[in-house]
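Everything on this sheet refers to the single structure shown next.
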Amino acid sequence: MGRRGDINVLIIGSEKIASYKIGIEQPLRHLEQNGVCQFDVRSDNDVDKSRLGAADIVIFFRTVQPEAYKLLEMAREMGKKTVYAIDDHFLAMSPTSDMGRYYHESSRRKTYVKFLKNAQIVKVASGFFAKHLDTHFKPNKLVYFPGSVDFSILSGLKKNRKAEDKIVIGYEGGRKPVAFEPVIKALDEVIRKYGDKVRIEFCGYAPEELTDKPQVSTEPYDENYKNFLKRLYRSSWDIGLAPLERTLLHDCKSNNKFREYSACRIPGIYTSSPAYEEWVQGKESGLIVSETSEEWYNAIVELIEQPELRQNIADHAEKVAWENFSVEACAERWRSQIFMSE
């Protein structure tokens, strides 16, 4: 690798978003420590011409501000490499939601499309999203690879010992009422079949239809990424649930749940969605199911009844995670596919 600070990188966007940490900061910090680059992150309104002039590469992260696009035009005139890094398809958001209203506002919408068409490289986190953008917006160059898992956070941690001999089923994440509809029915059936032999833990969103069941426990989501990952690893979950709604917005999502569950050795059940189909091999690294409650129920029962299958999936998925999602693997993709590309 090169001398310290060979490549000067300026990132324009918010560093408070979790996907910034796992998608950009962790791999670039690794490259910085290995002498490949130096980088800093600035908000849209905190960049002057001299800072832009000092940069070799300017990464615009999730911004749709017209002021930020002016910086892209300036960077291009200066001969800088420009990268637009996004992990959501903003135009696929419902215009009636709060976030959708923000991104569908006329000037931001136009700015988003200009970024897609005029950045030198558009970087996304999923193959489906890349194909969709290529078909509809024809960016100059598309690069896609998922975010990273910092395995050093998990180093030396041990799984919690289970106090009782129960199968623990878990979900961590935000509100997904539509995606959870078939899962709620499936879990109802599982509780009826197994009674106190199962425990269901929700971290973050918990469907209200299930919260009064004695087998169900809930706890709040931890916004601190390191704490969240440690808790997930220490959890004694035998099965992790990853339902996802089938809309264009969700089809463009990255494989977050697969990355996290796999790194934490949790056998997952995933909705049949582009986000997961690219990564989950049938019964090797997880189970893929359609959106029917019957398929969810059958998959949960299969994993409950087959401890050896759970063990095999945990082993295989963890191997996939180490090979594809480690900070080192992600950093190498940034270096070879973006920093060093023509």
Quick one: side chain to side chain contact (heavy atoms under 4.5 Å, CB included) partners of S273, sequence neighbours excluded?
-> L244, R246, D251, T271, A275

D87 and S19: side-chain donor and acceptor closer than 3.5 Å?
-> yes

The reported gap from CG in L133 to SG in C252 (rounded to nearest 0.5 angstrom) is 7.0 Å

Would you tell me whether E260 and N256 have side-chain atoms, one donor and one acceptor, within less than 3.5 Å of each other?
-> no

Work out which heavy atom in N255 is nearest to a heavy atom in P146; give both atom names and the distance.
-> OD1-CB, 3.6 Å

Quick one: CD1 on I121 to OG on S341, what's the gap to the nearest 0.5 Å?
-> 3.5 Å

Can we say K283 and E302 salt-bridge, meaning some charged N sits less than 4.0 Å from an Asp/Glu carboxylate O?
-> yes

Under a 4.0 Å N-O cut-off, is there an ion pair linking R51 with D40?
-> yes

Interatomic distance, CD@E278 vs CD@Q281, rounded to 0.5 Å, equals 10.0 Å

Is R199 salt-bridged to E201, cutoff N-O under 4.0 Å?
-> yes

Output the distance between atom CG (L229) and atom CZ (R259), rounded to the nearest 0.5 Å.
-> 10.5 Å

Give, for atom CG of D238 and atom CD of Q311, the distance between the pair rounded to the nearest 0.5 Å.
-> 10.5 Å

Rounded distance (nearest 0.5 Å) linking atom CG of D212 with atom CD of E208 | 10.0 Å

Quick one: does D56's side chain have a donor or acceptor within less than 3.5 Å of a partner on N8's backbone?
-> yes

With a 4.0 Å cut-off, would you call R335 and E332 a salt bridge?
-> yes

Quick one: do the Q65 and T111 side chains pair a donor with an acceptor below 3.5 Å?
-> no

Closest non-hydrogen contact found for C37 with L28 is SG-O, 3.9 Å

More than 12 heavy atoms of other groups within 6.0 Å of K319 NZ | no

If you look only at pairs with a residue in residues 227-257, which of them pass as a ring pair (Phe, Tyr, Trp, His ring centres under 6.0 Å), with sequence neighbours excluded?
-> Y221-F228

Check whether more than 12 heavy atoms from other residues, nucleotides or ligands sit under 6.0 Å from atom NZ of K117, and answer yes or no.
-> yes

Identify the heavy atoms of L116 and V122 that sit nearest to each other, and give their distance.
-> O-CG2, 3.6 Å

The side-chain hydrogen bond (donor to acceptor under 3.5 Å, both in side chains) partners of S236 (sequence neighbours excluded) come to none

Residue pairs, two or more places apart or on separate chains, that pass ring pair (Phe, Tyr, Trp, His ring centres under 6.0 Å) and touch residues 281-324 = F151-W322

For K80, the side-chain hydrogen bond (donor to acceptor under 3.5 Å, both in side chains) test, sequence neighbours excluded, returns none

Charged N to carboxylate O below 4.0 Å: is that the case for E189 and K193?
-> no

Answer yes or no: is there an ion pair linking D222 with R231, defined by an N-O contact shorter than 4.0 Å?
-> no

Would you call K21 and D150 a salt bridge, using N to O less than 4.0 angstrom?
-> no

Ignoring hydrogens and geometry, is there a side-chain-to-backbone donor-acceptor pair from S235 to L232 under 3.5 Å?
-> yes

Is it true that the side chains of S262 and E318 contain a donor and an acceptor less than 3.5 Å apart?
-> no

For residues 32-63, the ring pair (Phe, Tyr, Trp, His ring centres under 6.0 Å) pairs (sequence neighbours left out) are Y20-F61, F60-F115

Quick one: do K70 and E67 make a salt bridge, cutoff under 4.0 Å?
-> no

Can you check whether K226's main-chain N or O pairs, donor with acceptor, with N224's side chain at less than 3.5 Å?
-> yes

With sequence neighbours left out, what residues match Y112 under side-chain hydrogen bond (donor to acceptor under 3.5 Å, both in side chains)?
-> H89

Under the side chain to side chain donor-acceptor pair (under 3.5 Å) rule, what do T63 and D44 come out as? Steps first, then yes or no, please.
-> CA-CA 8 Å; T63 180; D44 295 340; 3.0 Å; yes

Sequence neighbours left out, what passes salt bridge (Lys or Arg N to Asp or Glu O under 4.0 Å) with K213? Give chain and number order.
-> D188

Checking side chain to side chain donor-acceptor pair (under 3.5 Å) for the pair N118/Y69: CA distance, chi angles, key distance, verdict?
-> CA-CA 10 Å; N118 296 312; Y69 185 75; 2.8 Å; yes

Can E294 and K185 be counted as an ion pair, charged N to O under 4.0 angstrom?
-> no

Does any N or O in the side chain of Q215 come within less than 3.5 Å of the main-chain N or O of V198, such that one atom is a donor and the other an acceptor?
-> no

Non-neighbouring partners of E328 that pass side chain to side chain contact (heavy atoms under 4.5 Å, CB included), sequence neighbours left out = H30, S326

Residue from I167, I300, V301 passing side-chain contact (heavy atoms from CB on, under 4.5 Å) with Y194 | V301

Single hit among Y103, F137, Y102 for ring-ring contact (aromatic ring centres under 6.0 Å, His included) with F90 = Y103

Check whether any side-chain N or O of R62 sits under 3.5 Å from a backbone N or O of I86 as a donor-acceptor pair, and report yes or no.
-> no

Should side-chain heavy atoms under 4.5 Å link Ile, Leu, Val, Met, Phe, Trp and Tyr, which residues sit in the same cluster as L248?
-> F128

Short side-chain to backbone donor-acceptor contact, K81 and F339, under 3.5 Å | yes

List the steps and the verdict of ring-ring contact (aromatic ring centres under 6.0 Å, His included) for F129 and Y144.
-> CA-CA 9 Å; F129 192 8; Y144 77 91; over 10 Å; no

Could I get the full list of side-chain hydrogen bond (donor to acceptor under 3.5 Å, both in side chains) partners for S50, not counting sequence neighbours?
-> D48

What one should report as the nearest heavy-atom pair of S285 and A317 is O-CB, 3.7 Å

Atom CE of M340: over 12 foreign heavy atoms under 6.0 Å | no

With distance as the sole test, does E105 use its side chain to make a donor-acceptor pair with the main-chain N or O of S107 at under 3.5 Å?
-> yes

If you look at every heavy atom in W334 and G23, which pair is closest and at what distance?
-> NE1-O, 3.0 Å

With D98 via side chain to side chain contact (heavy atoms under 4.5 Å, CB included) - residues at least two apart | R101

Using atom types as modelled and distance alone, determine if a side-chain donor or acceptor of K110 lies under 3.5 Å from a backbone N or O of S106.
-> no

Identify the heavy atoms of K49 and M74 that sit nearest to each other, and give their distance.
-> CG-CE, 3.6 Å

